[in-house]
Amino acid sequence: MSALSPAIFAPRSGPLSRAVDWVIRHPRMFVFLMVLPISLWLGIVYIGALIALLIQSFFSIDEYSGLIVHEFTLKTYAELFRSYNLDIIIRTVSMAAAVTLAAAVIAFPIAYFAARYARGKWKALFYIGVMLPLWSSYLVKVYAWKLVLAKEGILNWLFAKLHLTWALEAALALPVVGGNSLSVSYLGTFIVFVYIWLPYMIIPVQASLERVPAPLLEAAADLGATPAQSFRMVLFPLAMPGIVAGSIFTFSLTLGDYIIPQIIGSSRLFIGQAVYTQQGTAGNIPLAAAFTVVPIVIMGLYLWGARKMGAFDAL
Amino acid sequence: MDEVDLAIRDGEFFTMLGPSGSGKTTCLRLIAGFEQPTAGHIEIFGERADGVPPYLRNVNTVFQSYALFPHMNVLDNVAFGLRVKGVSRVERLKAAEEALAMVELAGYGSRRAGELSGGQRQRVALARALINKPRVLLLDEPLGALDLKLREQMQEELRKLQRALGLTFVFVTHDQEEALSMADRVAVFAEGRIQQVGSAEDIYRRPASRFVADFVGSSNVIPADFAGVGAAGQWASLRPEDITLDPAGREAVVTGRYFHGRVVKLALDVGGQALTALVAPRDDLPDAGRATRIAWDPARVHLMERGS
């Protein structure tokens with residue numbers, strides 16, 4: 001019989017191997033090294049930049065020289081409440097709320113189908129179908145929509161072919177949201193926003209529905225719950241974390257976007273456009289910063305409210 | 001599932017026994033209404049049930065995974081059946097408290113399902129299913145996830161509960177001992193068909209087929225002429241515990257000896273026929289590889305009607 005193999009093998013040589021072996025023996029070091037890059041990113045690049053922005057918003061601009069006055073003041077925030085600026089905020093928040101609501105309503109059945117029924121190649125098709133629009137340029141998609149929604153566009157042609165032009169005209173005749181054509185109305189802005197952000201709602205809702213075990217719905221039906229009751233008392237509360245996660249995306253992306261409303265819609269400004277013009281042509285960095293703080297505050301309030309209402313109970 | 005013809009009696013403890021994939025769970029799901037038959041029909045207390053959705057059946061289920069709602073506390077879980085019926089909050093919570101007391105979980109109402117042990121979740125699932133006062137309670141391998149001691153205790157409690165309430169229980173299990181000890185009657189399933197329906201003792205003493213004999217109590221399925229009853233070509237069942245060591249018996253070689261505590265399992269070879277015997281532990285049992293002599297009472301051998 002040949003010699004027995006050793007019970008413990010010789011330590012590895014080479015500085016890298018030895019360093020790895022040492023880290024493996026010290027699990028806390030391992031965790032520390034893992035979280036180090038992300039904490040540096042979050043701590044310095046992300047939070048740091050945010051704090052810098054926040055400080056800027058408490059400065060003001062000298063109306064005559066156009067220079068930034070480096071003194072803490074709430075003057076810039078007071079400017080947000082001028083009716084012109086307040087309109088921008090209300091317009092943007094209403095749009096973000098409408099887009100989020102519509103995205104949730106459209107996403108839910110798609111996500112439910114994917115989570116409950118799609119298997120194998122249907123599931124792959126679902127992922128490709130949802131993700132594919134994200135692979136092409138955002139600008140290309142928005143300009144494509146401009147053509148679709150234009151007065152001479154496909155949508156008008158389709159409505160005409162279906163003898164539904166009257167319905168389109170009725171929608172465009174609505175006050176505020178209507179307009180000359182879809183491509184220059186809030187209605188058009190809304191449609192494009194919903195289209196562009198929809199994947200960000202579908203994916204988290206699908207993930208949350210996937211985690212709901214099928215027997216829970218059977219149990220609800222078994223105990224006498226009608227399909228509507230099962231949805232309201234079991235499925236919806238359990239999908240809530242996913243809907244909230246998705247709405248964080250759709251809501252905050254809409255709050256911050258400055259390209260879609262510029263290409264499609266009326267010429268009235270949204271928060272993103274206001275930030276863009278204030279920090280650019282107007283050179284009013286403090287007001288731009290103050291505008292940027294608005295979505296942050298709104299998202300904070302939104303999450304706090306969602307938590308109060310028990311949206312995260314199922315986590 | 002194929003050509004299952006089954007009549008369950010009012011107020012009995014009926015067990016459906018079979019290996020996984022034998023169709024017993026599908027049968028239960030058909031009664032609950034989660035699945036619909038492609039042919040044939042189902043009656044519950046004389047009323048046609050096929051095509052009726054689960055929420056219109058006065059039948060409740062205890063799920064294998066318990067299926068407790070994770071976003072509700074225990075009390076709201078138990079009260080769910082009354083909530084969907086529109087019973088007022090005060091009333092349904094009172095009823096839920098009583099149901100929890102019945103399963104000996106009084107005072108656990110404010111906890112989350114995630115904070116309970118497996119046995120406690122099992123009891124919550126039971127209370128939740130019983131609060132609607134169903135006419136039939138379906139139990140889908142409810143004890144599968146529990147450890148042995150707890151399982152035995154729950155078996156006893158379920159049996160007591162069933163007698164006290166006078167309900168029809170339909171209990172699905174793959175554990176033959178559990179099936180035999182609890183049921184008034186047992187249906188043995190295999191490959192989507194019912195192999196045999198009868199009392200526990202009937203099934204054990206007089207298995208109808210080789211499958212039943214082997215699955216229930218791991219019987220020795222042997223040619224009838226070898227067993228000394230009936231003619232060649234027929235099959236007989238000989239229970240391992242009916243084989244005894246007997247100096248005047250047939251010659252056998254011990255091929256394996258396994259100590260199980262209460263009994264010792266002997267693997268035997270009798271002229272090329274493999275047999276299993278269960279004998280009481282003794283100091284002088286033969287080792288593996290040794291010869292011995294065995295015997296059995298031909299009256300204990302059961303001649304089976306069907307070969308397969």
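Within every chain, numbering begins at 1; the chains are lettered A, B, ... in the order of the sequence lines, protein sequences first and strands thereafter.
- Neither the backbone nor the side chain of B:Ala125 comes within contact range of chain A; no heavy atom of the residue lies under 4.5 Å from a heavy atom of that chain.
- The line from CG of A:Leu198 to CD1 of A:Ile203 is 10.0 Å long, rounded to the nearest 0.5 Å.
- With hydrogens and angles ignored, the 3.5 Å screen pairs no side-chain donor or acceptor of B:Glu35 with any backbone N or O of B:Leu28.
- Using non-hydrogen atoms only and a strict 4.5 Å limit, the part of residues 73-101 of chain B facing chain A consists of B:Phe80, B:Gly81, B:Arg83, B:Val84.
- Residues B:Met182 and B:Thr173 have side chains not in contact (no heavy-atom distance under 4.5 Å, counting atoms from C-beta outward).
- Ring-centre distance between B:Phe63 and B:Phe34: below the 6.0 Å cut-off.
- Between A:Tyr117 and A:Tyr112, the two ring planes are perpendicular [angle over 60°; tilted spans 30° to 60°].
- Contacts of B:Arg128 with chain A are made by both backbone and side-chain atoms, with heavy-atom separations under 4.5 Å.
- The number of heavy atoms from other shown groups lying within 6.0 Å of CG (B:Asp147) is above 12.
- Heavy atoms of B:Ser65 lying under 4.5 Å from chain A belong exclusively to its side chain.
- In this structure, chain B has no heavy atom under 4.5 Å from any part of A:Met240.
- Contact of B:Val62 with chain A is not made at all, since no heavy-atom distance falls under 4.5 Å.
- A:Ala214 does not touch chain B: none of its heavy atoms, backbone or side chain, sits under 4.5 Å away.
- Only the side chain of A:Gln229 has a heavy atom closer than 4.5 Å to any heavy atom of chain B.
- Using a 4.5 Å cut-off between heavy atoms, B:Asn132 contacts chain A through its side chain alone, with no backbone atom that close.
- From B:Gln162, atom CD reaches atom OG1 of B:Thr168 across 7.5 Å, with rounding to the nearest 0.5 Å.
- Here A:Ala225 is the residue among A:Pro215, A:Ala225, A:Pro213 with the most heavy-atom pairs under 4.5 Å with chain B.
- Between A:Trp197 and A:Tyr138, the ring planes lie parallel to each other; the angle is under 30°, not in the 30° to 60° tilted range.
- Taking the side chain as every heavy atom from C-beta outward, B:Lys24 and B:Glu141 approach each other to under 4.5 Å.
- A side-chain donor from one of A:Tyr302 and A:Ser247 sits under 3.5 Å from a side-chain acceptor of the other.
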